[in-house]
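One structure is given here, and the rest of the page talks about it.
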Protein chains: 4
Amino acid sequence: MRGVLSDPAVCAEGRTKRQQILDAAYQVFSRKGFHRATVDEIVALADTGKGTVYNYFVNKERLFYILVRERSAPFEAALAEVAAGPEDSPTKLRKIIRLFTKFFVDNADLWRVMIHEMRGVGAEGHSKLAPQQREKYREDMVRIVGDVEKVIRDGLAKGAFAGCDPKIAAYSLLSVVLMMAFQGFVGDDPEAAAERVADMFLHGITKRDPG
Amino acid sequence: MRGVLSDPAVCAEGRTKRQQILDAAYQVFSRKGFHRATVDEIVALADTGKGTVYNYFVNKERLFYILVRERSAPFEAALAEVAAGPEDSPTKLRKIIRLFTKFFVDNADLWRVMIHEMRGVGAEGHSKLAPQQREKYREDMVRIVGDVEKVIRDGLAKGAFAGCDPKIAAYSLLSVVLMMAFQGFVGDDPEAAAERVADMFLHGITKRDPG
Amino acid sequence: MRGVLSDPAVCAEGRTKRQQILDAAYQVFSRKGFHRATVDEIVALADTGKGTVYNYFVNKERLFYILVRERSAPFEAALAEVAAGPEDSPTKLRKIIRLFTKFFVDNADLWRVMIHEMRGVGAEGHSKLAPQQREKYREDMVRIVGDVEKVIRDGLAKGAFAGCDPKIAAYSLLSVVLMMAFQGFVGDDPEAAAERVADMFLHGITKRDPG
Amino acid sequence: MRGVLSDPAVCAEGRTKRQQILDAAYQVFSRKGFHRATVDEIVALADTGKGTVYNYFVNKERLFYILVRERSAPFEAALAEVAAGPEDSPTKLRKIIRLFTKFFVDNADLWRVMIHEMRGVGAEGHSKLAPQQREKYREDMVRIVGDVEKVIRDGLAKGAFAGCDPKIAAYSLLSVVLMMAFQGFVGDDPEAAAERVADMFLHGITKRDPG
DNA sequence: CATGAATGAGTATTCATTCAT
DNA sequence: GATGAATGAATACTCATTCAT
């Protein structure tokens with residue numbers, strides 16, 4: 001048997017058809033949203049045939065889901081690692097905000113589409129997505145928010161944080177970073193943007209007495 | 001001007017056909033989103049004919065826009081009044097958060113759909129909306145966020161707030177309240193929920209020294 | 001309200017859109033069978049728009065079913081009338097064979113398609129038809145065959161017939177007449193063809209002693 | 001000719017790839033009909049590759065035709081033998097009915113599909129089959145029915161039968177046996193079923209005077 | 001010969017919009 | 001103004017067939 005580099009379906013450019021399709025789908029879904037994205041457009045961008053898409057993905061819906069999951073996986077892993085790490089809670093939270101920010105710089109559009117499609121992370125809603133498919137999104141989402149929530153809950157227990165509901169705080173964090181990326185407020189320096197959000201989040205906007 | 005009772009197309013129930021359509025559209029758009037909402041369903045709910053919709057609104061897109069605008073108008077007015085009011089900045093901000101929260105309890109779904117359709121408040125995007133239509137949404141949005149931004153900028157100038165970009169802070173506020181409503185975190189007591197957000201927003205989640 | 005002649009959807013030619021579609025569907029289904037018949041072709045023949053078909057019929061499957069049912073209804077009624085009539089069994093059977101023959105001269109193709117789609121009158125089968133739809137066909141079929149069966153059973157009880165299973169005989173009758181029509185054996189004189197079948201059916205092909 | 005064991009593509013189980021495909025095709029075509037049968041399913045059942053099918057058969061249509069022909073060949077031979085045999089006509093006819101019945105117990109589904117595809121044994125029709133392909137089916141069919149027809153014609157000439165058109169009688173016979181098999185009326189005892197059909201066919205259903 | 005990844009022509013169905021009444 | 005029958009452009013998905021390995 002031949003090595004990976006000459007596996008079937010590996011193109012001259014070294015990307016498999018499957019990857020070409022995912023890359024094209026990323027662009028089209030991000031730009032158009034789920035409904036307005038057409039398989040035809042994805043196919044044209046992927047430089048492949050329509051049937052090929054359906055060889056790799058059972059339907060448009062699954063293509064979208066797998067795209068989101070594959071794009072999110074590295075981020076999810078990094079997030080889990082930080083959440084489980086040894087640092088104190090504020091440090092973890094700053095790291096997490098940096099991770100989120102960097103992730104959303106690339107994936108804000110895709111995520112916004114996903115969140116729209118699942119319509120409120122679990123509520124019965126407006127997308128065509130099969131309920132069982134929506135549940136998968138919800139689970140992925142809950143796992144991510146859950147990591148953040150855990151860090152905040154730890155911080156509350158250890159006296160580093162106070163006066164907030166950890167779940168609400170976690171969702172707030174996510175929504176603010178998502179908004180930042182989405183509005184283009186992150187700009188060229190994600191690190192700086194992350195710091196700004198972290199400061200606001202940790203200390204609020206009220207001026208503190210210097211003394 | 002003639003009285004309501006002699007207005008054209010005022011029905012027995014005292015609602016004009018136009019209003020019946022808007023009410024039905026609100027329900028359907030909120031529940032289904034823009035794309036999955038069908039004119040047929042709106043018409044069925046409005047207890048009117050399909051053609052009638054097109055007598056009052058040039059197309060589905062404009063119907064949606066006008067719906068959003070009419071629903072937002074009272075809120076916008078109240079917001080502007082508070083923003084222009086005499087109170088100090090933190091008080092204003094708390095009031096604003098309360099207004100937002102109450103508004104979104106009813107309109108979170110509609111707004112989320114709108115924001116999705118305009119895709120990022122101005123960025124070139126995924127909806128079918130004509131660019132000029134999107135620009136209208138953007139203007140409405142900017143006006144609303146602008147009021148909040150002004151209050152924060154005032155607070156910064158007067159030394160009540162510190163260490164934040166007023167525009168980012170304003171958008172953050174909006175995104176957090178929207179998320180709260182959307183996730184069902186507001187519950188039965190919007191006032192309490194608003195206070196929680198205000199506290200988090202003004203003071204952050206870091207534990208302050210009691211001394 | 002206006003009379004039937006000026007009802008909406010009544011065309012200049014006096015046929016409703018619905019009827020135009022059914023007429024076109026009859027031709028196309030008869031000529032092409034269910035699968036190879038395309039809605040496009042039906043629409044072209046019916047001189048109407050594609051959407052119009054779906055205003056009147058929920059889908060291609062239901063269009064086919066309703067077509068078969070409406071085409072069969074008068075025949076079914078006549079059959080039931082004869083079956084319930086006062087004549088003796090052989091006379092009834094001859095009348096029934098005449099009815100079948102005349103009916104199949106026009107509808108053999110449609111019926112063959114239907115029988116193929118229901119694949120064996122009830123067995124689990126090869127068509128795409130929803131099981132519940134197939135059950136409807138089966139019921140219609142059983143009702144028709146049942147009328148014939150009853151006549152034969154009566155004849156057996158009254159000593160006019162002998163030596164046959166009434167159900168099998170009924171199905172045999174149907175299959176032979178269907179075959180005759182299908183093979184073009186009926187020709188210009190359905191009455192004569194019916195007599196030929198009736199003779200064969202009543203007396204067999206064995207030569208009887210003249211004495 | 002080489003022995004079976006050294007034939008190309010003879011598998012461990014002793015069936016050639018070609019035969020595996022035919023066996024699988026028999027099952028799938030019988031169960032699903034021509035259109036709904038997919039090459040994919042046949043391939044899966046045959047435990048072979050998709051391309052292999054096209055090495056042995058030019059296309060799905062020819063695969064179906066060859067399948068029908070190979071399945072029918074032994075039956076055709078036996079039928080011809082009986083038809084050409086020395087017995088008297090009624091005996092031959094009874095034998096033929098037995099042959100038909102036994103054959104259709106296994107092949108009724110396949111035949112019904114074939115007859116549907118050729119749509120009326122020669123009439124211009126609804127399948128995608130090339131006209132020249134349909135002509136082949138017609139020839140096979142005519143040959144089979146022709147044998148039966150000859151036996152009946154002989155019987156008429158020799159005074160054993162009377163009062164029937166031999167062609168119509170032959171087709172009737174075929175259609176009744178096919179129907180019996182298809183409706184599951186044959187049951188566990190094909191011999192008995194054949195006798196029942198033969199009796200009905202030879203003597204009709206009219207009660208004869210015992211005297 | 002055997003294989004199965006790639007392909008695209010073909011089809012049912014939806015739904016915003018129009019317009020004659 | 002009110003209505004709803006008619007329309008057709010748009011779109012996801014299937015599956016027979018090919019061909020490079």
Side-chain angles (χ1 to χ4, degrees), chain A residues 2 6-11 16-18 20-21 35-43 46-61 63 128, chain B residues 8-9 11 16-18 35-43 48-61 63 128, chain C residues 2 6-11 16-18 20-21 35-43 46-61 63 128, chain D residues 8-9 11 16-18 35-43 48-61 63 128:
Chain A
R2 286 154 310 169
S6 56
D7 261 357
V10 169
C11 295
T16 62
K17 279 281 167 190
R18 186 175 180 282
Q20 284 180 56
I21 292 165
H35 280 102
R36 301 241 325 135
T38 69
V39 177
D40 274 327
E41 193 175 354
I42 292 172
V43 157
D47 192 34
T48 186
K50 198 181 281 202
T52 309
V53 170
Y54 289 89
N55 283 342
Y56 287 104
F57 308 95
V58 292
N59 55 27
K60 190 183 162 187
E61 181 180 317
L63 167 59
K128 184 181 67 176
Chain B
C11 297
T16 61
K17 280 281 170 192
R18 186 176 180 283
H35 278 104
R36 302 245 316 143
T38 67
V39 177
D40 272 325
E41 195 174 355
I42 293 171
V43 157
T48 186
K50 214 170 194 174
T52 310
V53 170
Y54 289 88
N55 284 338
Y56 287 105
F57 308 95
V58 292
N59 56 26
K60 191 183 164 189
E61 181 181 317
L63 166 59
K128 185 179 66 176
Chain C
R2 288 155 309 169
S6 56
D7 260 358
V10 169
C11 296
T16 62
K17 279 282 168 191
R18 186 175 180 283
Q20 285 181 54
I21 292 165
H35 280 103
R36 301 241 324 135
T38 68
V39 177
D40 273 327
E41 194 175 355
I42 293 172
V43 157
D47 192 36
T48 185
K50 199 180 281 205
T52 309
V53 170
Y54 288 89
N55 282 343
Y56 287 104
F57 308 95
V58 291
N59 56 26
K60 189 183 163 188
E61 180 180 317
L63 167 59
K128 183 180 67 174
Chain D
C11 296
T16 60
K17 279 281 170 192
R18 186 176 180 284
H35 279 103
R36 303 244 315 142
T38 67
V39 177
D40 272 325
E41 195 175 353
I42 293 172
V43 157
T48 185
K50 214 173 197 172
T52 309
V53 171
Y54 288 87
N55 284 339
Y56 287 104
F57 308 95
V58 293
N59 56 26
K60 190 184 165 188
E61 182 182 315
L63 167 59
K128 184 179 67 176

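Everything numeric in this text was worked out from a predicted model, so none of it was measured.
Nearest-nucleotide positions on DNA chain E place D:Thr48 closer to the 5' end than the other of C:Gly51 and D:Thr48. Between B:Lys50 and C:Thr52, the one whose closest nucleotide on DNA chain F sits nearer the 5' end is B:Lys50. Across the interface with DNA chain E, nearest-nucleotide mapping of A:Asp47 and C:Val58 shows A:Asp47 to be the residue nearer the 5′ end.
For A:Tyr54, the listed nucleotide lying nearest its side chain is F:dC13; candidates were F:dT7, E:dA2, F:dC13. Comparing E:dT13, E:dC15, F:dG1 by their nearest atom to the side chain of B:Thr38 picks out E:dC15. For D:Asn55, taking side-chain heavy atoms from C-beta onward, the closest of the listed nucleotides E:dT17, E:dC1, F:dA2 is E:dC1. With distances taken from any side-chain atom of B:Val39 to the nucleotides F:dA16, E:dT7, E:dT17, the minimum falls on E:dT17.
The nearest whole Å value for the distance from the CG atom in D:Asn59 to the P atom in F:dT17 is 5 Å. The CZ atom of B:Arg36 sits 12 Å away from the P atom of E:dT14 (whole-angstrom rounding). For the pair D:Ile42 CD1 and F:dC15 P, the computed distance is 12 Å after rounding to whole Å. As rounded to whole Å, 14 Å separates atom P of F:dA10 from atom CD of A:Glu41.
Pair check for F:dA20 finds E:dT3; Watson-Crick or G-U wobble, both atom distances under 3.5 Å.
Between A:Leu63 atom CG and A:Ile21 atom CD1 the span is 7.5 Å, to the nearest 0.5 Å.
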